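Data block below; observations after.
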Amino acid sequence: MLFFIGNETPSTTDTFIPQSVDLALSLAARGVAARVLTLNYDRMQARTPVSGDAAALCLNLWDELQKVGQQTKRTLTFRDLHLGNKQDWQINLATQEYTVAGQRWAVVHTIADSPQLDYVDYYGGTDEVRKRDFYDRRGFLSVSQYLNPAGEVQQEIYWDVHGQAVLEHFFEPVAHQTPRGGMVLLPHFGGKQMIFPAMAAALGALAQAAVVETHQAGAATVVAQDTPAVLATVARMSLPRVYVFSHHSNLTQTVETNALWDHVQTLFSQFAGVIVPDQLLATKWAARTGQTMTVAQFPKHAIFPTEAVLPLPKRTPASVLAFLDDDPQGSGLKALMTLFTTLRQTVPNVRLTIYQPHLGSTPLPTASNEQGGSVQFISTAAQWTAALASHQVYVSVADFPAAAMMISALAHGLAVVAATDHAGAVTPFVRPGENGAIVPAANTQQFATEIKTLLGHKKSLNTAQKTSLALAQGYTEDAVISSWQAIDKAGEDDGNQ
């Protein structure tokens with residue numbers, strides 16, 4: 001069985017969890033068992049809802065943690081005085097009494113008339129306080145006191161904001177006792193009473209339990225996202241086979257940096273292997289190190305045509321299609337309009353369509369007619385689908401093109417011209433001289449020349465269409481499932497050795 005372990009954050013465009021859910025559903029439809037384990041404890045008040053068939057395949061470990069140890073949670077807000085009194089942070093803490101079989105285990109105290117955490121008392125077997133943790137006004141653990149059976153302070157540890165001990169003080173010359181303290185309690189987990197000093201340790205135990213519970217025979221294959229929170233959790237699991245999917249590191253965007261290679265090398269040294277989303281990256285890594293990466297795609301939410309693709313020469317003449325994601329600085333729109341100004345001087349009646357979904361639903365395209373050409377803006381998915389079927393050339397002015405949009409263009413046979421300073425980020429979608437070109441981002445004249453060359457030759461358009469359609473086959477759902485089936489099979493073979 002395949003297990004996907006990832007984290008969700010409320011303020012990023014991270015898509016590992018949603019893509020894993022889509023993949024798990026597709027795998028299940030083809031008889032390949034898969035589950036998605038989420039560690040979205042830092043998502044706080046916002047999270048991706050999972051319902052329907054997906055609910056049976058997903059497990060939110062933070063919710064499970066609440067069930068077994070922390071029955072309720074609340075959001076506490078405090079100000080970090082070292083950051084100018086303006087930086088708000090949020091933490092999730094239980095504010096209640098913990099009991100096990102009627103015995104008090106721990107009590108969390110808050111400051112009077114305030115939601116701010118003050119201190120936590122931990123109790124021994126005789127209902128006596130054995131440890132007390134104090135928190136400063138920012139919410140960080142500041143002092144830990146360990147008490148002897150008489151209730152007197154035996155030892156004090158002072159902590160810095162990074163959780164490191166900076167001073168240790170013994171009050172009595174008695175034998176040191178291992179502290180039982182920690183903020184994460186799993187009192188009924190596995191029939192044992194357990195305390196963890198860190199959230200990652202508790203989630204690691206829960207994740208391993210979920211894997212063991214749902215996969216009794218053979219060695220499961222765990223595919224973990226390479227974010228720090230997930231890696232910290234996976235490191236605390238005792239499992240024979242763990243892949244890391246280098247998704248969060250944006251490998252396609254930083255392919256030439258030394259930091260990337262160091263990061264991947266570290267992953268290789270700690271886990272069974274590394275999976276990347278692109279064959280180009282795997283080839284470069286093998287050439288550089290001699291090590292082999294596994295390549296496996298996630299569904300890209302790309303649009304594939306449901307009907308026969310219309311030949312490019314028969315589509316709207318001199319039609320160019322572009323996609324702009326959120327463009328707060330207007331740099332993308334400026335680049336496209338500069339390109340249009342150059343194009344209309346040499347391409348008669350050129351037509352540029354710009355898809356901007358973040359602008360909201362627009363019932364009809366809005367057009368701007370200029371001498372020698374026109375520009376129109378669309379913002380709905382239906383308009384985008386129709387444009388894919390009616391245009392001849394797709395252009396990208398972003399250094400790192402949106403993969404789903406590029407694959408959709410390939411699947412509809414469009415020629416592709418992409419401007420980038422990082423050719424490795426685009427190369428998987430473009431074969432120069434066959435289905436388009438890659439040009440320097442700042443060279444508008446070369447960009448326009450490449451588009452003009454394609455639009456002016458039916459033979460070039462026909463060749464581009466065939467190549468684009470062939471490249472798109474590597475991103476179909478069947479191709480994606482096949483690559484993950486191979487990983488699952490490899491895991492079963494390793495488990496039988």
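All values reported here derive from a predicted model rather than from experimental measurement.
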**Request:** For S460 and G456, indicate whether the former's side chain and the latter's backbone hold a donor-acceptor pair under 3.5 Å.
**Result:** no
**Message:** Ignoring hydrogens, what is the shortest heavy-atom contact between A411 and F304? Give both atom names and the distance.
**Reply:** CB-CD2, 3.4 Å
**Complete:** Between S26 and E477, the two heavy atoms sitting closest are OG-OE2, 3.5 Å
**Prompt:** Between I451 and T453, is a side chain to side chain contact (heavy atoms under 4.5 Å, CB included) present by the stated rule, with each step listed?
**Reply:** CA-CA 5 Å; I451 296 173; T453 299; over 6 Å; no
**Prompt:** Which heavy atom in Q473 sits nearest to a heavy atom in A479, and how many Å separate them?
**Reply:** O-CB, 3.4 Å
**Message:** Apply side chain to side chain contact (heavy atoms under 4.5 Å, CB included) to residues F271 and V234 and explain how you reach the verdict.
**Reply:** CA-CA 10 Å; F271 300 97; V234 173; 3.6 Å; yes
**Asked** Taking the six-membered ring for Trp, are W484 and F4 parallel (under 30°), tilted (30 to 60°) or perpendicular (over 60°)?
**Response** perpendicular
**Asked** Okay, side chain of Q208, backbone of S238: is any donor-acceptor separation there less than 3.5 Å?
**Response** yes
**Request:** May I have the step-by-step check of side chain to side chain contact (heavy atoms under 4.5 Å, CB included) for C58 and V21, ending in yes or no?
**Result:** CA-CA 7 Å; C58 299; V21 173; 3.7 Å; yes
**Asked** Can any side-chain N or O of R315 pair as donor or acceptor with the backbone N or O of L310 at less than 3.5 Å?
**Response** yes
**Minimum-distance pair of heavy atoms, taken over all atoms of N7 and I17** = O-CG1, 4.0 Å
**Prompt:** With a cut-off of 6.0 Å (strictly less than), are more than 12 heavy atoms of other residues, nucleotides or ligands near CG of N443?
**Reply:** yes
**Message:** Between Q297 (side chain only) and P277 (backbone N and O only), is there a donor and an acceptor less than 3.5 Å apart?
**Reply:** yes
**Message:** Is the ring pair F16/F298 parallel, tilted or perpendicular, if the boundaries are 30 and 60 degrees?
**Reply:** perpendicular
**Prompt:** Where do H412 and I303 come nearest, in terms of heavy atoms and distance?
**Reply:** CE1-O, 3.3 Å
**Shortest non-hydrogen contact from Q392 toward L312** = NE2-O, 3.1 Å
**Asked** Under 3.5 Å, side chain of Q383 to main-chain N/O of S379, donor-acceptor pair present?
**Response** yes
**Donor-acceptor contact below 3.5 Å, side chain S483 vs main chain V480** = yes
**Request:** Would you please classify the geometry between the W384 ring and the Y394 ring as parallel, tilted or perpendicular, with 30° and 60° separating the classes?
**Result:** perpendicular
